S.K.: 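Quick one: the structure is below, and I'll ask about it shortly.
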Amino acid sequence: MKITFLGTDTCIPSRGNDTASYLINDELLVDVGWNVTGNLRNLGIDVTSVRHLLFTHMHHDHIISFPSLIFHWTQTPPGRDVSPLTIYGPNETLERAFDGVLAFLQADRFWPNLKRPTLVPLAEQDTFETETLSVTCIPSDHAVPGRCYRIVDKRDGTVLGMSGDTAYGPTLAPIFKDCDLLIHEFSGGLGNVRGLPSKHSSAIDAATVASEAGAKRLAIVHGPLSAREKCLAAVAEIYNGELLRPEPLMSIEL
Ligand SMILES: [Zn+2]
Ligand SMILES: [Zn+2]
């Protein structure tokens with residue numbers, strides 16, 4: 001499985017980075033951050049060659065460049081045709097978010113004959129497949145409806161676990177069981193954020209989940225990156241697997 005980190009940062013990313021977002025096997029985008037089209041083009045990837053878009057949840061920093069992605073599609077020959085794109089996300093909020101994009105772009109005024117993408121609202125324990133991937137979800141424990149994902153490469157069985165934004169909970173380790181890589185948020189840094197209404201994880205929560213799941217590797221993202229080394233030192237006290245330090249636009253092969 002090929003994983004490209006489009007961004008690794010928090011809500012407002014530092015220069016040269018983007019909010020946590022990824023491209024898997026060059027075919028599945030996960031969240032879009034602030035600059036999805038620029039990120040893909042900086043990697044030499046044709047934006048409309050990516051036909052699957054998956055959202056962890058609909059907080060602004062995870063969807064903020066959703067309109068520019070759809071606009072790019074409408075301006076690409078043959079034009080006004082977004083039908084090759086399939087978009088997956090929590091069933092509670094996916095359609096509302098997409099309707100918001102169309103409203104922002106004034107699609108009814110400019111492109112009354114727009115060919116729409118396929119929307120696939122994901123129920124709490126749904127599964128879907130792309131050409132190379134099989135994806136299963138569970139609900140996250142976050143301030144808005146969200147999903148955590150187990151993504152399996154059908155060609156070789158490699159497994160990626162993806163927390164999205166979530167508070168720590170006992171349902172996380174089972175879905176990430178024995179994964180080759182767990183990408184987990186650490187918004188709380190070294191603080192204790194359990195029970196807070198924002199419903200995020202700390203670095204210790206990420207390490208606990210990785211350890212409980214038996215994850216082979218762990219990448220902590222979407223947290224205070226300036227304190228990452230300090231956080232990783234604390235993580236290493238709890239979790240024995242390999243720690244990755246992803247940088248923006250870096251690709252790894254599992
Ligand atoms: Zn969030
Ligand atoms: Zn977030």
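All of these numbers come straight from a predicted model, not from anything done at the bench. As the structure lists them, so they are numbered: ligands from 1, and atoms in each ligand from 1.
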S.K.: Parallel, tilted or perpendicular for His184 and Phe176, by the 30°/60° rule?
M.R.: perpendicular
S.K.: So, of the N/O/S atoms that His59 has, which is the nearest one to the Zn ion (ligand 1)?
M.R.: ND1
S.K.: Provide the atom name of the closest N, O or S atom of His142 relative to the Zn ion (ligand 1).
M.R.: NE2
S.K.: May I ask you to decide if the ring planes of His62 and His222 are parallel, tilted or perpendicular, using 30° and 60° as cut-offs?
M.R.: perpendicular
S.K.: Is any NZ, NE, NH1 or NH2 atom of the basic residue among Arg155 and Glu131 found under 4.0 Å from an Asp or Glu carboxylate oxygen of the other?
M.R.: no
S.K.: Any donor and acceptor pair, going by atom type alone, linking the side chain of Thr166 with main-chain N or O of His142 inside 3.5 Å?
M.R.: no
S.K.: Taking the Zn ion (ligand 2) as the vertex, measure the angle between atom NE2 in His62 and atom NE2 in His222; round to 10°.
M.R.: 100°
S.K.: Please state whether the separation between the Zn ion (ligand 1) and some N/O/S atom of His57 is under 2.8 Å?
M.R.: yes
S.K.: Any N/O/S atom of Asp165 sitting less than 2.8 Å from the Zn ion (ligand 2), backbone or side chain?
M.R.: yes
S.K.: In this structure, which one of Thr56, Ile138, Asn91, Thr136 forms a side chain to side chain contact (heavy atoms under 4.5 Å, CB included) with Arg147?
M.R.: Asn91
